[in-house]
Amino acid sequence: AAITIGPDDVELAQQVLEGWGVASEGGVTVALELEITDDLRREGLARELVRLVQDARRAAALEVSDRIVLGLTVEGELAEALSAHEPFVTGETLTVELVRGPVEGATYAVDADIDGQSVGVRLRRASPAGEGS
């Protein structure tokens, strides 16, 4: 014999797994994994480095199109983030030469903090030919 199950015969419940976020609306449920992997964390730190350098560029009164020689003093996770995302950082900040540490002839310097880690930014405008000297 066939048994018919209708909406009144079923109770729908959702249980959210640890590390996930779930939202439901209008019959649609979306689940997102909230765990921050090491790769995602490094990417986020690289974006924060870009933001810091962009702020330094503005404070140094550089033109939007000016290429720079950039010195970054970073350690630990910030150094890992820079290594993993160097083309992104240099491309977004118009850096033609990246130095790990101070830059000779820097015209602007700032020391800051990203997520509890210290970072030193030193920069100068690159020569018109785009060379670092």
Side-chain angles (χ1 to χ4, degrees):
I3 299 175
T4 303
I5 298 176
D8 293 337
D9 300 318
V10 177
E11 182 178 317
L12 180 62
Q14 68 182 25
Q15 181 177 5
V16 180
L17 296 173
E18 186 176 335
W20 286 76
V22 176
S24 297
E25 185 173 322
V28 176
T29 299
V30 176
L32 296 175
E33 187 174 7
L34 302 177
E35 181 184 349
I36 302 296
T37 64
D38 289 342
D39 287 344
L40 284 175
R41 179 162 172 74
R42 282 190 290 268
E43 183 179 339
L45 291 172
R47 290 181 183 281
E48 285 298 306
L49 281 171
V50 167
R51 181 195 56 76
L52 183 61
V53 174
Q54 297 292 37
D55 289 348
R57 286 178 56 94
R58 281 190 287 282
L62 293 175
E63 297 295 325
V64 172
S65 61
D66 284 340
R67 286 359 188 209
I68 63 170
V69 176
L70 174 63
L72 290 175
T73 303
V74 291
E75 295 179 355
E77 279 187 303
L78 285 175
E80 292 172 9
L82 180 58
S83 293
H85 299 283
E86 184 174 326
F88 170 73
V89 172
T90 57
E92 291 293 308
T93 59
L94 299 183
T95 297
V96 295
E97 181 183 346
L98 176 64
V99 176
R100 306 287 165 103
V103 166
E104 188 175 326
T107 57
Y108 186 81
V110 65
D111 293 312
D113 180 276
I114 294 177
D115 201 23
Q117 301 171 69
S118 64
V119 56
V121 178
R122 308 290 182 266
L123 60 83
R124 65 176 164 83
R125 184 181 288 115
S127 67
E131 298 298 321
S133 55

Fill in: Single-linkage hydrophobic cluster F88~V69, side-chain heavy atoms < 4.5 angstrom
no
Discussion item. Just verifying a value: how many Å separate T107 OG1 and R122 CZ, rounded to the nearest 0.5 Å?
Written reply: 11.5 Å
Discussion item. Grouping I, L, V, M, F, W and Y whenever their side-chain heavy atoms are under 4.5 Å apart, do L94 and V50 come out in a common cluster?
Written reply: no
Worksheet item: Would you call V53 and I68 a side-chain contact if the rule is heavy atoms closer than 4.5 Å?
Response: yes
Fill in: Closest approach of T29 to S24 (non-hydrogen atoms, all atoms of both residues)
OG1-OG, 2.8 Å
Practice prompt. Measure the shortest side-chain to side-chain distance between E48 and D115 over non-hydrogen atoms and say whether it is less than 4.5 angstrom.
Written response: no
Worksheet item: Out of V121, D66, V64, T95, which one pairs with R57 under the side-chain contact (heavy atoms from CB on, under 4.5 Å) rule?
Response: D66
Practice prompt. Over all heavy atoms of both residues, which pair between R124 and A106 is shortest? Give the atoms and the distance, please.
Written response: CB-CA, 4.1 Å
Worksheet item: Should we say atom CD of E63 is surrounded by more than 12 heavy atoms from elsewhere, each under 6.0 Å from it?
Response: no
Discussion item. Looking at every heavy atom in both V96 and A126, which two are closest together, and how far apart are they?
Written reply: CG2-CB, 3.5 Å
Worksheet item: What distance separates L70 CG from L49 CG, expressed to the nearest 0.5 Å?
Response: 9.0 Å
Practice prompt. Work out which heavy atom in G76 is nearest to a heavy atom in Q117; give both atom names and the distance.
Written response: C-OE1, 4.5 Å
Worksheet item: Is the CD atom of E104 crowded by more than 12 outside heavy atoms at less than 6.0 Å?
Response: no
Fill in: ILVMFWY cluster, V119 and V99 together (side-chain gap under 4.5 Å)
no
Worksheet item: Can you find a heavy atom in the side chain of H85 that is under 4.5 Å from one in the side chain of E43?
Response: yes
Worksheet entry | Under-4.0 Å salt bridge between D39 and R42 | yes
Worksheet item: Taking all atoms of both residues into account, what is the closest heavy-atom pair of D111 and G120, and its distance?
Response: OD1-CA, 3.4 Å
Discussion item. Under the side-chain contact (heavy atoms from CB on, under 4.5 Å) test against L98, which residue among V103, T93, L82, V89 passes?
Written reply: L82
Worksheet item: Are E80 and D38 side-chain neighbours, meaning at least one heavy-atom pair lies under 4.5 Å?
Response: no
Practice prompt. Taking all non-hydrogen atoms of both residues into account, name the closest pair between A60 and L123 and its distance.
Written response: CB-CD1, 4.2 Å
Worksheet item: Side chains of R47 and R51: closer than 4.5 Å at any heavy-atom pair?
Response: no
Discussion item. So, taking the atom named CG in L34 and the one named CH2 in W20, what distance separates them when rounded to the nearest 0.5 Å?
Written reply: 8.5 Å
Discussion item. Please check: side-chain N/O of R67 versus main-chain N/O of E97, any donor-acceptor pairing under 3.5 Å?
Written reply: no
Item to complete: For D55 and R58, run salt bridge (charged side-chain N to carboxylate O under 4.0 Å, His left out): C-alpha distance rounded to whole Å, both residues' side-chain angles, the deciding distance at 0.1 Å, then the answer.
Response: CA-CA 5 Å; D55 289 348; R58 281 190 287 282; 2.5 Å; yes
